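What you see is a predicted model, and the numbers here were worked out from it, not measured in a lab.
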Amino acid sequence: MSGHDELAAARAPRLVVFVGGFDPRGARHYYRLFCEHAALQAKVDQQAYAVGPRQALDVGGHRHAQWSFSGEEGGGDYVFFDWSDAVRAHWPRSWWPVAAQACVTYAVALKDWRVLRAVQRQASNTLLSFAYPLGYIVLALAAAVGGFALGWRLSEGLASWVRWAMPAAMSAAVLWGSAALDKLLHVSWLLRILNFANHSSQSDCPVLAQRTCAMADWIQAQAARQSKLEVVVLGFSVGSVQALHLVDALRRRLPAQQTAAQGEPTSVTLLTLGNCIPLFSLMRKAQALRATLNDVAADSRVYWADVSSPGDSVSFGMCDLMPLAMRGAPPPAQAYVNPRHMCSPRFHKLFEPETYRRMRRNKMRMHFQYLMASEKRGAYNFFAMLTAPGAVRAFVEKYLVR
C-alpha cells in the first residue's frame, strides 16, 4: 500500500465544501494553491499532507471540482464550489469602468453614512481600506487635471495643435500611471468587491441560487449515504456570503427535531475565514441577505465559527458581528446561537517579524493567508485543521478559541 493509500485509509469521514471569494480564477488556481501550501506546511509541521488528483464534479448540470486530502490522523474530500463564472460576469477588464461603477457605489454607501459609524467603531481598519480607493480616484482625477493645466501653461505660444496635444498627453500619462500603479496597490480589486456588494444587494442571481440549491441537495445525498459524515462549509472572503446561502439551503433540508438542545450534535459546520459579511449585509437593499443571516444565526443545528484577523484590513475580524451585520436591528425573541466563536488566527505569531511586516504591506497577500502555509508552528493551521482526527469544530475550540 502506498503512503497516500495508507493516509486515505485512516481518514475520518469528512466533506469540506469550499466557497471561494470574489475571484475570477477557478478550481485550477485553488487546487494548485492547496497543493503548493500543503507541501510547504508539511515541512513546517514535519508530517505528511497528501492531496489527491483534481476531478470534475457535476452537480445540477454545473461543473465544480473535488479532490481528496489527508494527514497522518485524518482527512476527507474537498469540494470546490465554483462560481467563478458569475464573478467574471461582474469583472470589467479595464480599470476605468470599475472606477466609474465605484463612484455610484460610494454614492449609495454615503447616503447611509449613519451605518458607517458602527463600522468605524468596530472595524476602523476595514472601513479605511474600502474608503481609500475613493481618495485614490479623486487624487488620480485631480492629478490629471493638474497635468492638463501644466501642459497648457508649458505649451503657451506654440502651434495650436501642440497647445492641445501636450496637455492632453500629460493628462493621459497621469491617468495611465494611476491605472498601472493599481497593480501594486490592488485598488481595483477592492473596488470590484464593493461594486459587487452593491449590485448583489439590488438584484438576485437566479443561476447562482439554483446552483446553491443543487449543491445542498448533493450534500444531503452524501450525508444520507454516510451517517457519520462531518459536513463543513468553508466560506472564504466574499465566499462567506455565498457560504451563508449554502448553509441556509442545507439547514432547510435537515429534520426540524434534530437540534443541539435535544442532545444531538450540530449537523452542519460553517467556518468563515476572512469574512466580508457586513460589507454586503449593510447595504440598505440587502434585506434578503439579512433575513438569511438572521435565520442561520438562530439555528442551533448549525455550528458557525469565524476566523478572521483584525490585521486583515479587508475582513471583519473579532467584531460584534451580528449587531453590526444586521444594521443594529434588535435580535429575535430567541437569542442568536451563532456565530459560536469569533476567533483570530494570530498571523503575527506564525511568521518572522520581517516576513509579517511585508505581508501587512500587501493587502491581498495578507487576505489569502488563511489558505496558505506558515513559517512557524502556531494555533492556526489550515491543513492541520482540515486533517484533524476529531471534528473541525473541536480543533477550533481547542486551538483558536480564547
Legend entry - More than 12 heavy atoms of other groups within 6.0 Å of R63 CZ: no

Legend entry - Salt-bridge present (E354, R357; N to O < 4.0 Å): yes

Inset, instruction - Kindly check if the number of other-residue, nucleotide or ligand heavy atoms within 6.0 Å of CH2 (W96) is above 12? - result: yes

Inset, instruction - State which residue, out of W83, W218, Y30, F81, fulfils the ring pair (Phe, Tyr, Trp, His ring centres under 6.0 Å) condition with H64. - result: F81

Legend entry - Close side-chain approach of R251 and V296, heavy atoms under 4.5 Å: yes

Inset, instruction - Indicate the ring-plane relationship of F395 and Y399, choosing parallel, tilted or perpendicular according to the 30° and 60° boundaries. - result: tilted

Inset, instruction - Enter the distance from M322:CE to N294:CG here, rounded to the nearest 0.5 Å. - result: 6.0 Å

Inset, instruction - Go through the side-chain N and O atoms of Q287 and R290 and say whether any donor and acceptor fall under 3.5 Å apart. - result: no

Legend entry - Q210 CD: over 12 foreign heavy atoms closer than 6.0 Å: no

Legend entry - R402 CZ: over 12 foreign heavy atoms closer than 6.0 Å: yes

Inset, instruction - Count the heavy atoms of every other residue, nucleotide or ligand shown that sit under 6.0 Å from CZ of R365, and state whether that count exceeds 12. - result: yes

Inset, instruction - Check whether any side-chain heavy atom of F382 sits under 4.5 Å from a side-chain heavy atom of F34, and report yes or no. - result: yes

Legend entry - Plane angle bin for Y78 and F69 - parallel if under 30°, tilted between 30 and 60°, otherwise perpendicular: perpendicular

Inset, instruction - Check the surroundings of atom CG in D58: do more than 12 heavy atoms from other residues, nucleotides or ligands lie under 6.0 Å from it? - result: yes

Inset, instruction - Assess whether salt bridge (Lys or Arg N to Asp or Glu O under 4.0 Å) is satisfied between R253 and D217, documenting all intermediate values. - result: CA-CA 8 Å; R253 289 159 171 75; D217 289 336; 2.6 Å; yes

Legend entry - Other residues, nucleotides, ligands: >12 heavy atoms within 6.0 Å of K183 NZ: no

Inset, instruction - Classify the ring geometry between H90 and F196 as parallel (under 30°), tilted (30 to 60°) or perpendicular (over 60°). - result: perpendicular

